[in-house]
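This report refers to the structure that appears directly beneath it.
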Amino acid sequence: MNMKYTITTPLYYVNDKPHLGSSYTTIACDAIARFQRLSGNTVLFLTGVDEHGQKIERTAVSKNLQPQLHCDEITEKYKYLWDKLNISYDRFVRTSSEEHTSIVHQFYSRVLESDDVYMGRQSGWYCVGCEEYKDIEDNDKSPICSIHKKELEWRDEENLFFRLSKYQDQIEKLIQVDGFISPKSRKNEIVNFVSKGLRDFSISRINLKWGINVPENKDHTFYVWFDALLGYVSGSLRDQSCPELTDDSLCNWPANIHVIGKDILRFHAVYWPAMLLSAGMKTPASVFGHGFLTREGQKMGKSLGNVLDPIELLEYGGIDAMRWYLLRDIEFGEDGDFQMKRFVDIVNSDLSNTIGNLLNRTITMSKKWFNDKIPIDKSLLTESSLKLHSEIKINEYIKSFNDSNFRNSANAIIDLANKANLYLNDRAPWKLIKDITKKEIVALDIYSVLETCRIIGLLLNPFVPDLSIRILNQLKIDSSSINFQKSLHWGLLDPDNGLEEPRPVMDKIEFNENSI
RNA sequence: GUCAGUGUAGCUCAGCCGGUUAGAGCACAGCAUUCAUAACGCUGAGGUCGAGAGUUCAAGUCUCUCCACUGACACCA
């Protein structure tokens, strides 16, 4: 069952500090990576930054910095945030690194060998913000980029082109493969796009210093996309100090899933596989384009001044709250709306009231009546109705997680916790315990609920690793080597193991209209 | 403009091939109450299922029109 599993975030563009959207993507990837590790797979979780391009060059100039220094600065902010969010990435790729440059050159030479590069001419209106040419109506003399609201620049330059058109048939076949593009709603868009016929695209720019030079074409540097996508390759090097692109120099190749924002789906689902085919490399197994976040119904943007800074959110609600809310309440794949009131409500209800309180009340009872040993007859364990419920919910959880359906997966945990709360209310051990002859029954009930708590603690791990550990710690369970196949069985909690003093594992967040 | 998707209680969403009084969770109100983090539990209030028309014995569920939002329509990290 031990399989390799590779997951990537996009390589974030270091034009500006990380925002909530990139945090969201990265948290989602982290949850998947953790889930896969717990499932016993060897995971390579890759993230990083894309550092080249004219936009960055200009941003650096405006800050009076060398591009490299600007990139260093922003990169640190990413690393700092991922650290704060407890992101368990294995590799952090920087496209300004030497090994990446080397990989790009080697990859390029493979593409050249396949005869997939030619010199062409490209002219048109160019948006530096987008780093791309725009289709503009002929009579427009001073067109403006609809995205950036800035004037476009007229360019007429020689570019190297990649023969994307050559891969029309192969790409059509690939994107038809069930599960290659997720969610399904986005697959049609890509299929549609490809069916209209693929055009070659440019892979180099001239007059751009801040980029990787194209061998034997001194004036050219690689277009950011060609450069950035290859970050997935350089991040997969078995030995990063030895950037050789050979058949076995990569580990865990290709990616099982590239998780990206819906805006860059095409690059990953079409251009990227074609590039790999050209270089004679394996294509990724799937690409997942998730949706975007709005805030209180409005698009987040500098002009509106409503950008939600992930650091501020983190300081306000804490890491568990932030991770839980984003994964639990926003349909992965669809656009979602961040609402502060709901953020507070969901987190308090799920994590503090339902789960936290369940653990707290049960441990209190256990310690009060049984001290550190719960006297149960293990042969009676199988009769607990909670055993059945937990098995059902574990299955739901795993199935949903495999479909990247975090919401349903999280709901399965909450359902189980609700069942346990109901079980307690139903059995009312605080009444039974008054009758000394019922003590064994009470012991079994308490044990069953504690065991359910253990399972909840485990299931929570990919979502909210910190909280998960706090729960397991109270149950005195070693959380360092959890394995779902081994740990998710009923009855593994040692009744003689003892319990820590009950202490709320999740404090409530106070809602405050103007908190952030 | 063309194509696609979405529009169900205050919020987030379920509602399969059309069929009795439209569901869940959260939020809200009342009751009850300590084993527990004013938590858990019980009860309740809340919707002309975007609008209009049509097909049908019967439509949230099918058809058409319209409205709103979202996305794609080639180089938007």
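The basis for the numbers below is simple: all heavy atoms, side chains too, and nothing from hydrogens, waters or symmetry mates.
Across all strands shown, B/A22 forms no Watson-Crick or G-U wobble pair with both distances under 3.5 Å. Under the Watson-Crick and G-U wobble criteria, each requiring two contacts below 3.5 Å, nucleotide B/G1 is paired to B/C73. When both distances must be under 3.5 Å, the Watson-Crick or G-U wobble mate of B/U6 is B/A68. The pairing partner recorded for B/A45 is none, the criterion being a Watson-Crick or G-U wobble arrangement whose two distances lie under 3.5 angstrom. Pairing for B/C35 is absent, judged as Watson-Crick or G-U wobble with the two contacts each under 3.5 Å. The partner of B/A27 cannot be assigned: no Watson-Crick or G-U wobble pair with both contacts below 3.5 Å exists in any strand. Under the Watson-Crick and G-U wobble criteria, each requiring two contacts below 3.5 Å, nucleotide B/C62 is paired to B/G54.
Ranking B/C3, B/A77, B/U37 by closeness to the A/N360 side chain, first place goes to B/U37. Considering only side-chain atoms of A/R342, the nucleotide from B/C35, B/C3, B/C11 that sits closest is B/C11. With B/U12, B/U37, B/G41 as the candidates, the nucleotide lying closest to the side chain of A/M506 is B/U37. The side chain of A/D345 has B/C26 as its nearest neighbour among B/A77, B/A39, B/C26. In the set B/C26, B/U37, B/C35, the nucleotide with an atom closest to the side chain of A/S349 is B/C26. Closest contact between the side chain of A/V505 and the listed nucleotides B/C40, B/U37, B/A77 involves B/U37. When each of B/C35, B/A77, B/C11 is scored by its nearest atom to the side-chain atoms of A/Q339, the top-ranked nucleotide is B/C11.
Under 4.0 Å is where a charged nitrogen must lie from a carboxylate oxygen, and between A/D345 and A/K341 at least one such pair does. A salt bridge links A/D30 with A/R323: the closest approach of a Lys/Arg side-chain nitrogen to an acidic carboxylate oxygen falls below 4.0 angstrom. In summary, A/K399 and A/E396 do not engage in a salt bridge, as defined by a charged side-chain N under 4.0 Å from a carboxylate O. Salt-bridge formation is detected for the pair A/R427/A/D445: a Lys NZ or Arg NE/NH1/NH2 atom is positioned less than 4.0 Å from an Asp or Glu carboxylate oxygen. Under the 4.0 Å criterion applied to side-chain N and carboxylate O atoms, A/D16 and A/K77 are not assigned as salt-bridge partners.
Aromatic rings of A/Y271 and A/F226 (six-membered ring for Trp) have centroids beyond the 6.0 Å cut-off, not under it.
Taking atom CG on A/L293 and atom P on B/U70, their separation rounds to 15 Å, with Å as the unit. Rounded to whole angstrom, the span from the NZ atom of A/K262 across to the P atom of B/A72 amounts to 7 Å. We find that CH2 of A/W430 is positioned 13 Å from P of B/U33, with the value rounded to whole Å. A/N348 has its CG atom 11 Å from the P atom of B/C28, to the nearest Å. To the nearest angstrom, P of B/C42 lies 10 Å from CG of A/N421. Protein atom NZ of A/K431 is 11 Å distant from nucleotide atom C1' of B/U34, rounded to whole Å. Rounded to whole angstrom, the span from the CG atom of A/D337 across to the P atom of B/G7 amounts to 16 Å. Distance CG (A/D335) to C1' (B/G71): 8 Å, rounded to an integer number of Å.
For B/A36, its base sits under 3.5 Å from the side chain of A/N357 at one donor and acceptor pair at least.
Classification of the A/F406-A/F401 ring pair by plane angle, with boundaries at 30° and 60°, yields perpendicular.
Distance check on atom C1': B/G15 versus B/U6 gives 16 Å, rounded to whole Å. B/G5 and B/U65 have their P atoms separated by 14 Å, given to the nearest Å. Between the C1' atoms of B/U55 and B/C64, the separation comes to 11 Å (whole Å). Atom C1' of B/A74 sits at a distance of 30 Å from the matching atom of B/G7, rounded to the whole Å. Taking atom C1' in both B/U12 and B/C67, one finds a spacing of 24 Å when rounded to whole Å. The P atoms of B/G46 and B/A9 are separated by 15 Å, rounded to the nearest whole Å. Across B/A51 and B/A4, the matching P atoms stand 23 Å from one another, rounded to whole Å. Taking atom C1' on both B/A27 and B/G1, the two are 43 Å apart, rounded to the nearest angstrom.
Here A/D50 lies in heavy-atom contact (under 4.0 Å) with a base. At a threshold of 4.0 angstrom between heavy atoms, the contacts of A/F193 include nucleobase atoms, whether or not backbone atoms are also involved. Within the nucleic acid shown, A/L422 comes within 4.0 Å of sugar-phosphate atoms alone, with no base atom in reach, counting heavy atoms only. Among the protein residues, A/R407 comes within range of the sugar-phosphate backbone only, with heavy atoms under 4.0 Å from sugar or phosphate atoms but none that close to a base. At a threshold of 4.0 angstrom between heavy atoms, the contacts of A/P429 with the nucleic acid are absent.
Between A/G336 and A/N418, the residue whose closest nucleotide on RNA chain B is further toward the 5' end is A/G336.
Checking side-chain atoms of A/D227 against main-chain N and O of A/T95 turns up no donor-acceptor pair under 3.5 Å.
Both geometric conditions, a ring-centre gap below 5.5 Å and a plane tilt below 30°, are not fulfilled together for A/F292 over the base of B/G71.
Shown here, B/G46 is classed syn by the O4'-C1'-N9-C4 or O4'-C1'-N1-C2 angle, which is within 90° of 0.
Taking side-chain N and O atoms only, A/K341 has no distance below 4.0 Å to OP1 or OP2 of B/A27.
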